[in-house]
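Structure first, then comments.
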Amino acid sequence: MNTDSEPSTLPVFGVGPAYVAGIFTLTILAGLATYLGWIAKAAVTPRWLRIVFITAGVLTAIAGITIWCLAVIGARSVEKIKNNQLMTDGIYAWVRHPVYAAFLFINTGILLTLGNYWLLILPFVYWISLSVLMKYTEERWLTRHYGQRYLDYAQHVNRVIPWPPT
């Protein structure tokens, strides 16, 4: 199952830091563009809708922080990755890549609080890039390493958006 060019364990940090740095950079640039008024024409203007955006943003960011805590602290994921264990319980029964999903949610929450319609495209860009990145890196390694066991798990658990187990 394992080839000589392939690591025997999944790296704890994998391709994640590049993804996370990229989306945080885009989110910060979006915030800067909003603050400087460069995209003011797309600002959410009705006060009540602005409040909805801010509330949704805060709740989405809190959900992201919760997902991260469940994955890193609750599931002891770093320890399990180092021990080469396939994680399928706890938060991993709800989402295959909870740490990356957490950063997707946190950045989406930040973007929502900025209250700009044009910025609503970025969460989709983040989701698509994460999906492609995971499919061609970590999921490829997991499939080669765990075979049918991982494929069965992947068939029932969403890649990025948490969903109750089936």
- Message: So which atom in Glu138 and which in Tyr100 form the shortest heavy-atom distance, rounded to 0.1 Å?
- Response: OE2-OH, 2.6 Å
- Indicate yes or no: at least one non-hydrogen side-chain atom of Val52 is less than 4.5 angstrom from one of Trp48. yes
- Under 3.5 Å, side chain of Arg50 to main-chain N/O of Thr113, donor-acceptor pair present? yes
- Item | CG-CD1 distance between Asn107 and Ile23, expressed to the nearest 0.5 angstrom | 4.0 Å
- Query: When clusters are formed by joining ILVMFWY residues with side-chain heavy atoms under 4.5 Å apart, either directly or through shared neighbours, do Ile54 and Leu111 land in the same one?
  - Reply: no
- Tyr136 atom OH: more than 12 heavy-atom contacts under 6.0 Å: no
- Query: Looking just at side-chain N and O atoms, do Asn116 and Thr34 make a donor-acceptor pair shorter than 3.5 Å?
  - Reply: no
- Between Phe105 and Ile161, is a side-chain contact (heavy atoms from CB on, under 4.5 Å) present by the stated rule, with each step listed? CA-CA 9 Å; Phe105 275 63; Ile161 307 298; 4.2 Å; yes
- Task: Mind checking the CG-CZ spacing from Leu142 to Arg140? Nearest 0.5 Å is all I need.
- Result: 12.0 Å
- For the atom pair CD1 (Ile39) and CG (Leu114), what is the distance rounded to the nearest 0.5 Å? 8.0 Å
- Heavy-atom closest contact (Val99 atom, Ala71 atom, distance): CG2-CB, 3.8 Å
- Task: State plainly whether one hydrophobic cluster holds both Leu70 and Tyr153, where clusters connect Ile, Leu, Val, Met, Phe, Trp and Tyr through side-chain heavy atoms under 4.5 angstrom apart.
- Result: yes
- Query: side-chain contact (heavy atoms from CB on, under 4.5 Å) between Trp163 and Val95: does it pass, once the steps are laid out?
  - Reply: CA-CA 7 Å; Trp163 200 257; Val95 61; over 6 Å; no
- State, with a plain yes or no, whether a side-chain heavy atom of Trp94 is found less than 4.5 Å away from one of Pro164. yes
- Check: Tyr126 main-chain N/O paired with Tyr19 side-chain donor or acceptor under 3.5 Å: yes
- Task: Rounded to the nearest 0.5 Å, what's the gap from OG1 on Thr108 to CH2 on Trp127? Could you check?
- Result: 12.0 Å
- Task: Output yes when a side-chain donor or acceptor of Tyr150 lies under 3.5 Å from a complementary backbone atom of Leu86, and no otherwise.
- Result: no
- Query: Given the rule in the side-chain contact (heavy atoms from CB on, under 4.5 Å) test, do Arg159 and Lys135 qualify, once you have shown the distances and angles that lead to the verdict?
  - Reply: CA-CA 9 Å; Arg159 177 179 286 130; Lys135 182 177 180 179; 4.0 Å; yes
- Please answer: with hydrophobic residues joined when any side-chain heavy atoms are less than 4.5 Å apart, are Ile128 and Leu133 in the same cluster? yes
- Report whether Trp38 and Tyr35 are members of the same hydrophobic cluster (ILVMFWY, side-chain heavy atoms less than 4.5 Å apart, transitive linking). yes
- Nearest non-hydrogen partners of Pro165 and Ala93, listed with the distance: CG-O, 3.6 Å
- Between His145 and Trp141, what is the ring plane arrangement, given parallel below 30°, perpendicular above 60°, and tilted in between? parallel
- Rounding to 0.5 Å, atoms OG1 (Thr143) and CZ (Arg149) come to a distance of 13.0 Å
- Would a hydrophobic clustering, with Ile, Leu, Val, Met, Phe, Trp and Tyr connected at side-chain separations under 4.5 Å, put Phe103 with Ile28? no
- Query: CD1/Ile62 to CD1/Ile67 distance, rounded to the nearest 0.5 angstrom?
  - Reply: 12.0 Å
- How close do Ile106 and Ala61 get, heavy atom to heavy atom, and via which atoms? CG1-O, 3.9 Å
- Message: Set out, in order, the CA-CA distance, both residues' side-chain angles and the distance that settles side-chain contact (heavy atoms from CB on, under 4.5 Å) for Leu119 and Thr27, then state yes or no.
- Response: CA-CA 9 Å; Leu119 300 182; Thr27 300; over 6 Å; no
- Task: For residues Val160 and Pro162, report the shortest heavy-atom separation together with the two atoms involved.
- Result: O-CD, 3.4 Å
